[in-house]
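To start, the structure under review is shown below, and the notes come after it.
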Amino acid sequence: MKKPTQILHISAECYPAAKTGGLADVVGALPKYLNEAQVRAQVIIPKYDLLWINEQNWQEVYTGSVWMGYYDQPFRILSISQEVLGFELLSVELLGKFDRPGIYADPHGHPYGDDVDRFVSFQKAVLKWVQQLEKVPDILHCHDHHTGFIPFFTKHCPEYQSLSKIPTVFTIHNGKYHGDFGWDLRYMLPHFDNWVGGLIEWQGRINPLAAGIKSCWKLTTVSNTYLEELRTDSGGLEWLFREEAHKSMGILNGIDTVVWDPSTDPSLSFTLKKSVSNFKRENKKPIIAEYGLDPALPLISFIGRFAIEKGADVLPDLVYQTFDNNFPVNLFILGSGDPTITGALNGMQPRYAGKFNTFIGYNEDLAHQIYAGSDFLFMPSRVEPCGLNQMYALRYGTIPIVRRTGGLQDSVVDIGDEGGSGIMFNHVLTGDILHAFYRATVLFGDKKKFKQVQGNNMQLDFSWQKSASIYVSIYKELQKKIA
Ligand code: ADP
């Protein structure tokens with residue numbers, strides 16, 4: 001019997017082990033669906049000092065060390081079996097680098113200042129371990145700039161020559177972060193001939209995102225529209241994205257329909273039985289009660305990072321305009337990030353109590369409850385590579401109000417159009433969003449149409465099966481190149 005194609009996903013995040021956003025959700029879900037599609041997928045991440053990671057029963061599979069330019073860094077590769085997550089999860093223990101209580105920043109939000117050191121040593125350790133495996137993976141699938149050197153290292157560094165025939169896929173989940181640094185840190189990288197140095201450079205700096213784009217065998221982004229947007233707006237890499245169009249492809253993420261199942265989700269106070277109306281009503285109640293909101297009004301929620309890409313900077317003005325203009329809605333915000341936004345929202349809360357509240361922080365259970373209990377979920381994103389929130393919302397019968405961008409454009413259809421599932425607006429401007437809120441109140445008032453859209457949305461298929469099959473065809477196509 002033919003052996004299944006073996007894929008190693010290399011990533012900084014993987015749900016539920018380590019998550020700050022969508023990258024973790026994708027890396028924690030796609031491998032499960034690949035395994036169902038007769039592909040053997042494993043995931044490797046750094047071993048952080050995080051609760052879920054610390055609770056697992058890790059088995060050591062390899063120990064070694066990597067040279068970091070002026071010192072030897074020991075590492076261990078640890079594994080937990082496929083039964084736990086539906087795929088084998090490996091972690092790289094790099095003491096002094098990742099044994100910290102955060103992924104990129106400490107629990108107070110202060111970024112760790114040594115990401116170059118951390119992620120270069122991670123990538124080197126992964127490759128060192130792979131090199132000595134009896135059966136090396138058929139494909140190395142790298143995610144975002146933290147693993148962007150791997151396509152370059154395997155293709156152009158003599159130390160990893162034995163891996164040069166392994167095709168690499170590089171998926172960009174968030175092109176805003178390049179991970180770039182100055183040439184003074186070159187000593188951390190493995191040796192390469194000077195004439196290939198241009199492959200890791202962009203605008204005079206070492207740029208791991210650019211390195212991944214240039215050297216990978218196949219480049220993917222998490223939606224088609226986002227791929228197009230990167231060609232005109234990617235923080236200086238526009239020209240590179242246009243040059244590499246021949247090997248690029250947009251593949252919309254799916255959602256993990258086992259984790260995000262309204263009929264079994266353990267985070268919900270009421271799971272879906274037969275009636276969608278009961279499901280929505282019973283899940284709205286605890287939010288209204290806990291946060292002192294008005295039960296008669298529609299509940300519009302926001303979940304996400306307080307970051308410019310998410311359009312979170314408009315939140316304070318939007319809250320102010322919504323209530324000073326007497327819009328008949330409740331607003332609830334779950335998020336964390338930029339302290340200026342947090343401060344502004346906290347300051348406004350008492351003024352609009354009864355219709356407005358927040359939860360500042362990261363709370364997975366509350367996020368699930370909000371997807372189920374809200375009437376609308378709004379996403380004023382400036383940039384949204386794929387966006388998962390709108391898909392979770394659709395699955396839980398919550399109508400998305402989204403800006404027409406990236407993956408939002410590829411996954412939501414305006415209710416004014418055939419098969420409409422949500423409300424769309426064009427600009428991250430309070431006026432535009434308020435107009436969308438107005439349309440939401442009109443839809444909320446039309447009970448028949450509102451229920452119809454809710455019900456239709458819950459039937460939409462955003463499962464991973466479709467996207468996973470596209471990844472499988474990419475892997476097969478790459479394998480043919482080396483056959
Ligand atoms: P990004 O990765 O850019 O942050 P995505 O839409 O791809 O955005 O993924 C966001 C994920 O993070 C979703 O699962 C969302 O529910 C979750 N999330 C974001 N902020 C919070 C928060 N404060 N509490 C709980 N979950 C959150």
Side-chain angles (χ1 to χ4, degrees), residues 11-30 52 102-105 107 109 143-146 171-177 221-223 225-226 229 250-261 265 267-268 287 291 301-312 315 332-339 341-342 345 357-374 377-396 398 400-403 405-412 422 462 464 467:
S11 170
E13 299 184 33
C14 175
Y15 178 83
K19 168 169 168 171
T20 65
L23 167 65
D25 286 341
V26 173
V27 177
L30 173 61
W52 190 92
I103 298 175
Y104 316 111
H143 298 268
D144 275 350
H145 76 82
H146 322 97
T171 297
I172 298 183
H173 301 255
N174 191 339
K176 181 179 152 58
Y177 303 103
T221 62
V222 290
S223 72
T225 301
Y226 183 55
E229 288 170 354
I251 305 168
L252 197 67
N253 291 330
I255 57 172
D256 190 330
T257 47
V258 177
V259 175
W260 297 90
D261 182 345
D265 190 336
S267 303
L268 302 185
I287 307 174
Y291 295 97
S301 302
F302 170 96
I303 300 177
R305 292 180 288 121
F306 293 164
I308 295 273
E309 321 83 275
K310 298 287 174 195
L315 292 175
F332 187 78
I333 294 173
L334 163 64
S336 59
D338 187 338
I341 298 171
T342 306
L345 294 175
N357 216 332
T358 62
F359 182 101
I360 307 295
Y362 192 94
N363 188 327
E364 190 78 30
D365 285 333
L366 180 58
H368 285 239
Q369 186 66 38
I370 292 171
Y371 289 119
S374 301
L377 181 93
F378 86 103
M379 302 178 70
S381 308
R382 286 201 172 72
V383 184
E384 197 58 83
C386 172
L388 295 169
N389 300 20
Q390 79 282 11
M391 299 194 217
Y392 299 145
L394 289 163
R395 181 142 169 87
Y396 282 29
T398 293
I401 303 175
V402 300
R403 177 162 175 255
T405 188
L408 299 177
Q409 180 158 327
D410 295 357
S411 56
V412 178
F462 286 110
W464 265 106
S467 318

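Quick note: residue numbers are just sequence positions, from 1. Order of listing sets the numbers, starting from 1, for every ligand and every atom in it.
By the criterion of a heavy-atom distance under 4.0 Å, neither the backbone nor the side chain of H173 is placed next to ligand 1. Of all the heavy atoms of K19, the ones lying under 4.0 Å from any atom of ligand 1 belong exclusively to the side chain. Residue contacts with ligand 1 for L366 are absent, since no atom lies close enough (heavy atoms, distance under 4.0 Å).
Taking atom 16 (O) of ligand 1 as the reference point, the nearest protein heavy-atom neighbour is Y371 OH, 2.7 Å. For atom 25 (C) of ligand 1, the nearest protein heavy atom (residue, atom name, distance) is N363 O, 3.3 Å.
A donor-acceptor contact shorter than 3.5 Å links the side chain of Y226 to the backbone of G175. A donor-acceptor contact shorter than 3.5 Å links the side chain of N357 to the backbone of Y291. Distance alone, capped at 3.5 Å, is enough to place a donor-acceptor pair between the D144 side chain and the H173 backbone. Side-chain atoms of E384 do not come within 3.5 Å of backbone N or O of P380 as any donor-acceptor pair.
The atoms of ligand 1 that sit less than 4.0 Å from any heavy atom of G387 are 6 (O). In the vicinity of G361, heavy-atom distances shorter than 4.0 Å reach the ligand 1 atoms 22 (C), 23 (N). Close contacts between ligand 1 and R305 involve ligand atoms 1 (P), 3 (O), 4 (O) [criterion: under 4.0 Å to a heavy atom]. Within the listing of ligand 1, atoms 25 (C), 26 (N) sit less than 4.0 angstrom from a heavy atom of A367. Which parts of ligand 1 touch G304 is read off a 4.0 Å heavy-atom cut-off, strictly below it: atoms 19 (C), 20 (N). Contact atoms of ligand 1 toward G22: 1 (P), 2 (O), 5 (P), 7 (O), 9 (O), 10 (C) (distance under 4.0 Å to a heavy atom of the residue).
Residue K310 has at least one nitrogen or oxygen atom sitting less than 3.5 Å from a nitrogen or oxygen atom of ligand 1, judged on distance alone. Ligand 1 has no nitrogen or oxygen under 3.5 angstrom from a nitrogen or oxygen of T20. Distances between N or O atoms of G21 and those of ligand 1 include no value under 3.5 Å. Among the atoms of N174, none of the N or O lies under 3.5 angstrom from an N or O of ligand 1.
The CG atom of D25 sits 12.0 Å away from atom CG of L30, with the distance rounded to the nearest 0.5 Å. Note that CZ of F359 is 13.0 Å distant from CD of Q369, once rounded to the nearest 0.5 Å.
Side-chain atoms of T20 and E13 form a donor-acceptor pair, as typed in the model, at a separation below 3.5 Å. Side-chain atoms of D265 and Y396 form a donor-acceptor pair, as typed in the model, at a separation below 3.5 Å.
Under a 4.0 Å heavy-atom criterion, F359 is not in contact with ligand 1.
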